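Along the sequence shown, residues are numbered consecutively beginning with 1. Quick caveat: nothing in here was measured; it's all calculated off a predicted structure.
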Amino acid sequence: MNRSLHKGIIFDMDNTLLQSRINFPAMKQAIFQQWVDHGICEPTLEWEKHTASQLIEIGRQSERMTSELEQAMWEAVTAIEKEGMHGAVLEKHAVEVLDKLKENYHLYILTNNAYAAAVEALYETGIASYFDEIVAREQMTTLKPSPSGIHYIRNLHPDWPVSAWTMIGDSWIDGRAATDGQVAFIAYQGNQLDMERHEVTPVVYITDLLELLRVLEA
């Protein structure tokens, strides 16, 4: 990968740096049930096949959405996030890799979680100080797989070339956001079939964070 004077790495958080216990099926079901109860979607919607962020956007785009309903949805989502993030542990070699990368890169977090939940988990695991900024859903206009968060981070350094940026994540939604934001994507323990199904082509697949040190210097 090309090296430049200014370089930024954008990390997904859940299951990339932290092993969280967020109950995503429960989150998706809670969102779906609220939408059904308020006539935003049909009870026949196959909510299991959608990501939580996709279900959220279905509601946010609906003419039936109200500020009160959106607030209630975010409160339910945040409660599930905070419960799942409490007691989170780091992925293997996370500190060792962040220590090394911090010498040559500006590091960022990009997560669909609430800012408060993300900050709490990062401080609890002792890695918050590695990051120039923690970008959560409050800083995005639309959640990943939208590139909104990528654009937000890139705009922090508008003079940097696109080649200066790399994103690391475990999910196709990270890869889609990176791709649509014109940022190189490295898949960490990613599902190759999911990536291909959503037209995501990572620069490389890795299974251990230590591999980042070799890949980024190549």
Side-chain angles (χ1 to χ4, degrees), residues 1-18 51-54 56-57 60-61 70 74 81 94-95 97-123 127-188 190 195 198-206 209 211-218:
M1 298 181 68
N2 292 332
R3 303 178 66 184
S4 62
L5 181 61
H6 300 297
K7 298 171 287 186
I9 299 179
I10 303 168
F11 280 96
D12 172 48
M13 188 175 70
D14 297 332
N15 302 316
T16 299
L17 290 172
L18 306 180
T51 66
S53 57
Q54 287 173 325
I56 287 167
E57 290 306 317
R60 295 178 77 186
Q61 299 302 318
E70 184 168 4
W74 285 128
E81 285 174 348
V95 171
V97 169
L98 291 172
D99 257 335
K100 187 66 176 175
L101 293 179
K102 188 66 175 172
E103 296 175 5
N104 297 305
Y105 295 87
H106 293 266
L107 307 181
Y108 297 85
I109 288 285
L110 179 59
T111 176
N112 279 351
N113 290 335
Y115 181 81
V119 168
E120 183 177 329
L122 291 166
Y123 273 100
I127 61 172
S129 62
Y130 286 103
F131 302 99
D132 289 32
E133 189 161 345
I134 297 162
V135 178
R137 60 168 168 260
E138 290 87 345
Q139 285 79 45
M140 305 182 212
T141 55
T142 311
L143 301 178
K144 294 180 292 184
S146 161
S148 169
I150 297 287
H151 293 154
Y152 176 92
I153 293 172
R154 284 187 57 196
N155 284 338
L156 298 173
H157 300 282
D159 56 324
W160 290 12
V162 67
S163 60
W165 294 99
T166 303
M167 180 168 186
I168 295 97
D170 68 297
S171 169
W172 72 266
I173 69 170
D174 303 313
R176 188 75 259 155
T179 299
D180 291 346
Q182 299 182 301
V183 166
F185 177 64
I186 295 174
Y188 170 66
M195 299 289 177
H198 293 94
E199 299 181 338
V200 173
T201 306
V203 173
V204 66
Y205 287 88
I206 64 173
L209 288 176
E211 294 177 70
L212 275 179
L213 303 180
R214 174 183 56 79
V215 171
L216 291 168
E217 294 303 311

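Between the CD atom of Glu81 and the CG atom of Asp14 there is a distance of 8.0 Å, given to the nearest 0.5 Å. Distance check, rounded to the nearest 0.5 Å: CD1 of Ile9 to CG of Asn104 gives 9.0 Å. The CD1 atom of Ile134 sits 5.0 Å away from the CG atom of Leu122 when rounded to the nearest 0.5 Å. How far OG1 of Thr51 is from CD1 of Ile56: 8.0 Å, rounded to the nearest 0.5 Å. Expressed to the nearest 0.5 Å, how far CZ of Arg214 lies from CD1 of Ile206 amounts to 8.5 Å. The line from CD1 of Ile168 to OH of Tyr188 is 11.5 Å long, rounded to the nearest 0.5 Å.
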- Trace of the side-chain contact (heavy atoms from CB on, under 4.5 Å) decision for Ile109 with Val135: CA-CA 6 Å; Ile109 288 285; Val135 178; over 6 Å; no
- Message: For a ring-ring contact (aromatic ring centres under 6.0 Å, His included) check, start with the C-alpha distance between Tyr105 and Trp165, then their side-chain angles and the critical distance, and finish with the verdict.
- Response: CA-CA 10 Å; Tyr105 295 87; Trp165 294 99; over 10 Å; no
- Query: Does the side-chain contact (heavy atoms from CB on, under 4.5 Å) test come out yes or no for Met195 and Thr201, once each step is laid out?
  - Reply: CA-CA 7 Å; Met195 299 289 177; Thr201 306; over 6 Å; no
- Item | side-chain contact (heavy atoms from CB on, under 4.5 Å) between Met167 and Ile186, worked out | CA-CA 6 Å; Met167 180 168 186; Ile186 295 174; over 6 Å; no
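Formation of a donor-acceptor pair under 3.5 Å by the Asp174 side chain with backbone atoms of Ser171 is found in this model. When atom types are taken as modelled, the side chain of Glu120 and the backbone of Ala117 share no donor-acceptor pair closer than 3.5 angstrom. Glu57 places no side-chain N or O within donor-acceptor distance of the main-chain N or O of Thr142, the cut-off being under 3.5 Å. Between the side chain of Arg154 and the main chain of Gly181, a donor-acceptor pair closer than 3.5 Å is present.
Donor-acceptor pairing under 3.5 Å is recorded for the side chains of Glu133 and Tyr152. There is no side-chain donor-acceptor pair under 3.5 Å between Ser146 and Ser148.
Looking only at side-chain heavy atoms (C-beta outward), Leu216 and Thr166 come within less than 4.5 Å of each other. The side-chain heavy atoms of Phe11 and Leu212, taken from C-beta on, include a pair separated by under 4.5 Å. Using a 4.5 Å heavy-atom threshold, the side chains of Gln139 and Tyr115 count as touching. Within the 4.5 Å cutoff, the side chain of Leu110 has heavy atoms near those of the Met140 side chain. In this structure the side chain of Glu217 never reaches within 4.5 angstrom of the side chain of Leu213, judged on heavy atoms.
Within 6.0 Å of atom OH in Tyr123, 12 or fewer heavy atoms from other residues, nucleotides or ligands are found, so the atom counts as exposed in its surroundings. The environment of Glu199 atom CD is sparse: at most 12 non-hydrogen atoms of other residues, nucleotides or ligands sit within 6.0 angstrom.
Of the candidates Thr111, Asn112, Asp12, Lys144 forms a side chain to side chain donor-acceptor pair (under 3.5 Å) with just one, namely Asp12.
Nearest heavy atoms, Leu209 versus Ala94: CD1-CA, 3.8 Å. Heavy atoms only, all atoms of each residue included: Asn113 and Met13 are closest at ND2-CE, 3.2 Å. Nearest heavy atom pair, residue Ala177 against residue Pro147, reads O-CB, 3.5 Å. Of all heavy-atom pairs between Ala178 and Ala184, the closest is CB-O, 4.5 Å.
Under the 30°/60° scheme for interplanar angles, the aromatic rings of His198 and Trp172 are found to lie parallel.
For Asp132, the side-chain hydrogen bond (donor to acceptor under 3.5 Å, both in side chains) partners are Lys102, His106, not counting sequence neighbours.
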